[in-house]
Amino acid sequence: MNSKRALRRAVATASLLTLGATATACGSDDASDDDTTAGSGGGDKTINLGIIPSWTDGLSTAHLWKNVLEDEGYTVEITEISEAAPLYTGVANGDIDVYPSAWPQVTHEAYMEQFGEDLEDLGAYYEGAKLTFAVPEYSDLTSIADLQGKASEYDGEIIGIEPGAGLTKVTKESVMPAYGLDEEFELVESSTTAMLAELRKATDAEEPIVVTLWKPFWANSEFPVRDLEDPEGALGEAETLNAIATAGFSEEHPEVAEMMGNLTLDDDQYGSLENLVVNEYGEGREDEAVEAWLEENPDVLEALQG
């Protein structure tokens with residue numbers, strides 16, 4: 001590892017600790033701390049993946065890469081961070097090697113612009129990701145525009161997620177002004193977990209609710225919800241999910257960069273991966289979930305090798 005990168009890691013480590021990041025070492029128990037067996041790029045074979053654990057696209061793909069890379073002799077660590085801003089800061093500073101499921105064109109566009117020269121795009125693994133407003137299937141609403149004049153029916157609230165999320169920024173700065181909702185409604189900023197709890201409570205009781213959601217996300221099939229139309233296009237166009245690395249990553253770890261660039265998942269593959277990791281196996285059994293998924297999708301593993 002070059003001295004500049006080492007210095008950036010040291011500085012970023014202190015920064016992330018200040019921001020309250022929670023690092024979870026998920027490497028093999030018997031991995032040596034000084035494992036520097038050279039790959040084709042030479043040097044350190046420890047890869048640090050950064051995720052926001054409540055955003056399950058990143059959670060699922062991080063554990064997929066943990067499984068794949070450990071089989072290739074790497075030690076993989078997963079760093080859990082609660083907000084997008086410190087996550088992108090960590091990648092830009094070099095403390096985190098890769099954010100394996102970024103939303104670079106729309107949702108995280110501001111972070112890509114802010115940290116662009118310190119980031120490296122390793123490629124898209126999923127096409128057609130998009131931000132949405134969703135309501136229960138029993139709702140009469142069909143469009144975001146239909147919310148106008150109906151604040152009293154929803155307690156004046158649109159239930160959102162983390163304050164630092166790109167979806168939160170787009171909702172506040174684009175969607176609500178575009179549809180004249182900013183004077184009637186308040187965007188409740190909380191967390192993905194809290195939003196889902198409110199969604200479950202409302203749908204169980206068949207009460208009205210409107211939430212900010214996105215696709216792909218397992219909640220779209222877990223809950224009886226449907227998207228509201230966005231005739232103004234205020235939520236932005238569909239985008240891709242990409243692996244975004246710290247600048248210079250592909251030079252230091254060319255084999256890993258190539259594999260990440262080769263990953264492509266369609267809707268069925270992505271949906272089954274997320275469902276196994278999040279729902280069927282759950283927390284603490286992610287490795288088992290990925291093993292089961294790879295047995296069902298051996299072609300994905302073959303494609304990673306080019």
Side-chain angles (χ1 to χ4, degrees), residues 47-53 55-69 72 76 78 81 84 87-88 90-92 96-132 165-167 169-170 213-218 220 227 233 235-278 290 293-294 297-306:
I47 305 294
N48 190 296
L49 305 176
I51 64 169
I52 298 171
W55 298 2
T56 50
D57 54 302
L59 173 72
S60 302
T61 52
H63 282 280
L64 172 61
W65 284 118
K66 176 178 178 291
N67 181 291
V68 170
L69 295 177
E72 295 291 326
V76 178
I78 297 179
I81 301 177
L87 174 53
Y88 273 89
V91 177
I96 295 169
D97 291 307
V98 183
Y99 176 17
S101 191
W103 298 58
Q105 292 100 0
V106 179
T107 310
H108 297 157
E109 180 183 13
Y111 298 121
M112 295 297 293
E113 292 179 353
Q114 179 180 355
F115 299 111
E117 64 182 19
D118 295 316
L119 303 175
E120 181 178 351
D121 190 344
L122 303 181
Y125 77 89
Y126 178 86
E127 303 281 345
K130 65 176 183 176
L131 305 179
T132 67
L167 174 55
K169 178 181 175 67
V170 169
L213 269 182
W214 59 94
K215 290 181 175 179
F217 187 36
W218 61 267
N220 291 285
D227 298 343
L235 283 163
E237 299 294 326
E239 58 187 310
T240 59
L241 300 184
N242 295 38
I244 300 296
T246 189
F249 180 82
S250 61
E251 294 181 7
E252 186 170 352
H253 298 290
E255 292 178 342
V256 178
E258 182 178 1
M259 283 193 290
M260 288 188 168
N262 288 337
L263 178 65
T264 302
L265 301 180
D266 61 27
D267 283 329
D268 289 340
Q269 291 167 330
Y270 174 86
S272 62
L273 173 63
E274 189 178 48
N275 184 56
L276 285 170
V277 171
V278 177
V290 172
W293 185 82
L294 286 172
N297 298 273
D299 55 322
V300 173
L301 196 58
E302 294 171 7
L304 296 183
Q305 305 304 323

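Here the structure is a predicted model, which is why all the values come from computation and not from measurement.
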- Query: Can you find a pair of side-chain heavy atoms, one from Ser272 and one from Trp293, that are under 4.5 Å apart?
  - Reply: yes
- Query: Can you name the residues that form a side chain to side chain contact (heavy atoms under 4.5 Å, CB included) with Thr56, not counting sequence neighbours?
  - Reply: Leu59, Phe217, Trp218, Glu274, Val278
- Message: Using 0.5 Å steps for rounding, measure from the CG atom of Leu273 to the CG atom of Asp268.
- Response: 12.5 Å
- Query: Listed by chain and number, what are the ring pair (Phe, Tyr, Trp, His ring centres under 6.0 Å) partners of Tyr125, not counting sequence neighbours?
  - Reply: none
- Under 4.5 Å between any side-chain heavy atoms of Trp65 and Leu263, yes or no? yes
- Task: Go through Ile96 and Ile81 one step at a time and tell me if the side chain to side chain contact (heavy atoms under 4.5 Å, CB included) criterion holds.
- Result: CA-CA 11 Å; Ile96 295 169; Ile81 301 177; 3.5 Å; yes
- How close do Gly50 and Pro100 get, heavy atom to heavy atom, and via which atoms? O-CD, 3.4 Å
- Item | With sequence neighbours excluded, residues passing side chain to side chain contact (heavy atoms under 4.5 Å, CB included) with Glu302 | none
- Task: Write down the atom of Ile52, the atom of Ala84, and the distance for their closest heavy-atom approach.
- Result: CD1-N, 3.5 Å
- Which heavy atom in Met260 sits nearest to a heavy atom in Ala243, and how many Å separate them? SD-CB, 4.3 Å
- Sorted by chain and residue number, the side chain to side chain donor-acceptor pair (under 3.5 Å) partners of Asn262 (sequence neighbours excluded) come out as none
- Nearest 0.5 Å please: distance from the OH atom of Tyr126 over to the CG atom of Asp57. 10.0 Å
- Message: Are Leu49 and Asp97 packed together at the side-chain level, in the sense that at least one heavy-atom pair is separated by less than 4.5 angstrom?
- Response: no
- Message: Test side chain to side chain contact (heavy atoms under 4.5 Å, CB included) on Val290 and Val277; report intermediate values, then the result.
- Response: CA-CA 7 Å; Val290 172; Val277 171; 4.2 Å; yes
- To the nearest 0.5 Å, what is the distance between CG (Leu64) and CG (Leu304)? 7.0 Å
- Test Ile244 against Val98 for side chain to side chain contact (heavy atoms under 4.5 Å, CB included), laying out the working first. CA-CA 6 Å; Ile244 300 296; Val98 183; over 6 Å; no
- Task: Quick one: do Asn220 and Asp227 satisfy side chain to side chain contact (heavy atoms under 4.5 Å, CB included)? Show the steps, please.
- Result: CA-CA 9 Å; Asn220 291 285; Asp227 298 343; 4.2 Å; yes
- Task: Considering non-hydrogen atoms only, spot the tightest contact between Ala165 and Trp55 and give its length.
- Result: CB-CZ2, 3.5 Å
- For the side chain of Asp118 and the backbone of Ala92, is there at least one donor-acceptor N/O pair under 3.5 Å apart? no
- Item | Partners passing side chain to side chain contact (heavy atoms under 4.5 Å, CB included) against Ala257 (at least two apart in sequence or in another chain) | Leu122, Phe249, Ser250
- Between CH2 on residue Trp214 and OG1 on residue Thr107, distance to nearest 0.5 Å: 10.0 Å
- Message: For a quick test of reading the model, state the closest non-hydrogen atom pair linking Leu241 to Ser101 and the distance between them.
- Response: CD1-OG, 3.9 Å
- Query: Has the side chain of Glu120 got a donor or acceptor atom that lies under 3.5 Å from a matching backbone atom of Gly248?
  - Reply: yes
- Message: Check whether His108 reaches the backbone of Ala102 with its side chain - one donor and one acceptor, N or O, closer than 3.5 Å.
- Response: no
- List for me each residue that meets side chain to side chain donor-acceptor pair (under 3.5 Å) alongside Thr240, sequence neighbours excluded, and say none if there are none. Gln105, Asn242
- Query: With a 4.5 Å heavy-atom cut-off, do Thr246 and Leu119 have their side chains touching?
  - Reply: no
- Taking C-beta and beyond as the side chain, do Met259 and Glu72 meet within less than 4.5 Å on heavy atoms? yes
- Within 6.0 angstrom of Gln305 CD, more than 12 heavy atoms from elsewhere: yes
- Item | Rounded distance (nearest 0.5 Å) linking atom CZ of Phe115 with atom OH of Tyr88 | 10.0 Å
- Message: Keeping Asp266 on the side-chain end and Gln269 on the backbone end, is there a donor-acceptor pair under 3.5 Å?
- Response: yes
- Query: How long is the span from the NE2 atom in His63 to the CD1 atom in Ile51, to the nearest 0.5 Å?
  - Reply: 5.5 Å
